[in-house]
Number of protein chains: 2
Amino acid sequence: MDVSTLPPPVTHESDTCAVVRAILARVGDKWSILIVRMLGDGSMRFSELRRSIEGISQRMLTLTLRNLERDGLVERTVTPTTPPRVDYELTDLGRSLQSITEAFGRWAVTHRDQIENARIRFDARQ
Amino acid sequence: MDVSTLPPPVTHESDTCAVVRAILARVGDKWSILIVRMLGDGSMRFSELRRSIEGISQRMLTLTLRNLERDGLVERTVTPTTPPRVDYELTDLGRSLQSITEAFGRWAVTHRDQIENARIRFDARQ
DNA sequence: TGTGCTGGTTACGATCAGGAACCGGAAGAG
DNA sequence: CTCTTCCGGTTCCTGATCGTAACCAGCACA
């Protein structure tokens with residue numbers, strides 16, 4: 001996710017479809033929503049995030065945080081101590097997304113069994 | 001040094017984390033949310049969907065619909081006429097996701113300018 | 001002297017999303 | 001009887017994205 005190779009800016013057509021697509025391209029990747037959810041409880045250090053998001057690699061955490069920062073959803077604060085300390089927290093814009101990620105998390109937990117069962121049934125039918 | 005001294009505590013957070021990741025892997029792709037939003041207004045034919053979701057290829061529409069069907073979010077109905085007619089509509093499970101996709105759509109439309117501006121500012125800073 | 005923690009970056013390979021083009025059947029158009 | 005169109009879907013191939021592993025600099029601690 002090199003910043004210089006990111007997709008082109010959103011056009012100014014008022015097509016909801018296109019807007020949703022553009023935002024999804026930013027926030028619909030593998031880790032963004034998870035990070036936003038994590039930061040919902042308050043600011044966190046880099047390594048704290050790394051430990052609490054199971055399975056994320058250092059590289060992907062860096063890249064995803066950089067993108068979220070670029071999009072104004074997350075703020076990065078460096079404290080030049082030794083060892084250095086870098087904190088990330090949601091901006092107002094990031095917090096405005098929280099209710100959605102919360103809702104999504106609740107939906108996921110509530111319906112995961114139904115999805116799992118549907119998948120098993122579908123695969124059995126083939 | 002003994003490395004095994006820090007067992008990753010299986011908290012409620014990390015559980016939710018795994019579930020969210022699993023559901024995101026299904027529904028967080030480029031087109032699923034858009035299709036669910038489209039079908040929110042009622043059942044639609046394949047080609048109807050293709051025309052109304054700007055930019056989707058036939059292949060991705062087929063694949064995404066197949067996955068949504070597999071996960072029990074969408075129901076597929078074939079009417080063997082000539083030309084064949086295939087209708088797709090949301091299941092109850094699919095409809096339960098609607099409020100979230102609606103909210104996401106609204107959020108995307110409302111905040112896209114803020115994201116766009118943040119991105120421009122960030123890029124200018126580099 | 002060397003090992004660990006901090007927050008990264010770089011190199012590289014595998015995987016998989018996604019677009020272009022194609023398919024086969026039927027019904028018009030001419 | 002060809003030529004095109006519409007239908008839903010599939011095959012092929014490229015290039016973006018993700019992940020692993022290694023490396024970096026600065027400082028503390030032993």
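As the structure is a computational prediction, the values presented were derived from the model and not from experiment. Quick note on labels: first sequence line is chain A, next is B, and so on, each numbered from 1.
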Please tell me whether [X] and [Y] are part of a single hydrophobic cluster in this structure, the criterion being side-chain heavy atoms less than 4.5 Å apart.
X	Y	result
Phe104(B)	Val109(A)	yes
Val74(B)	Trp107(A)	yes
Phe122(A)	Ile115(A)	no
Leu93(B)	Met44(B)	yes

Could you tell me the separation between the [atom1] atom of [X] and the [atom2] atom of [N], rounded to a whole number of Å?
X	N	atom1	atom2	result
Met60(A)	dT10(C)	CE	P	15 Å
Leu65(A)	dT9(C)	CG	P	11 Å
Arg76(A)	dG7(C)	CZ	P	10 Å
Arg66(A)	dT9(C)	CZ	P	5 Å
Arg85(B)	dG25(C)	CZ	C1'	18 Å
Glu54(B)	dG19(C)	CD	C1'	16 Å
Arg50(B)	dC6(D)	CZ	C1'	9 Å
Leu63(B)	dT11(D)	CG	C1'	11 Å

Salt-bridge present (Arg85(B), Asp87(B); N to O < 4.0 Å) =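 Looking at Asp87(B) together with Arg85(B), the answer is yes, because their closest N to O distance falls below 4.0 Å.
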Counting just side-chain N and O atoms, does Lys30(B) come under 4.0 Å of either OP1 or OP2 of dA16(D)?
->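 For Lys30(B), the contact criterion (side-chain N or O under 4.0 Å from OP1 or OP2 of dA16(D)) is not met.
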Would one find a side-chain N or O of Trp31(A) under 4.0 angstrom from OP1 or OP2 of dG19(D)?
->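 Result: yes.
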Consider the side chain of Thr62(A), meaning its heavy atoms from C-beta on, and name the nucleotide among dG8(D), dG19(D), dG8(C) that approaches it most closely.
->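 Nearest to the side-chain atoms of Thr62(A), counting from C-beta on, is dG8(C).
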May I ask you to say what Thr82(B) touches in the nucleic acid, namely base, sugar-phosphate or nothing, with a heavy-atom cut-off under 4.0 Å?
->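 If one applies the 4.0 Å heavy-atom cut-off, Thr82(B) turns out to touch the sugar-phosphate alone, with no base involved.
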Determine the contact category for Arg51(B): base if any of its heavy atoms lies under 4.0 Å from a base atom, sugar-phosphate if only primed atoms, P, OP1 or OP2 are that close, otherwise nothing.
->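 The residue Arg51(B) makes sugar-phosphate contact but no base contact.
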Minimum heavy-atom distance Arg26(B)-Asp71(B), with the two atoms named =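 Smallest heavy-atom distance, with atoms named: CD-OD2, 2.9 Å.
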More 5' along DNA chain D: Pro83(A) or Val78(B), using each one's nearest nucleotide?
->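 It is Val78(B) whose nearest nucleotide is closer to the 5' end.
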Measure distances between side-chain N and O atoms of Gln58(B) and base N and O atoms of dG8(D), and say whether any donor-acceptor pair falls under 3.5 Å.
->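 Donor-acceptor pair under 3.5 Å: yes.
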Which parts of residues 39-49 of chain B get close to DNA chain D, meaning a heavy atom less than 4.0 angstrom away?
->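 Contacts with DNA chain D under 4.0 Å: Arg45(B), Phe46(B), Ser47(B).
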If we ignore angles and hydrogens, is there a donor and acceptor under 3.5 Å between the side chains of Asp29(A) and Ser32(A)?
->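 Judged by distance alone, the side chains do pair up.
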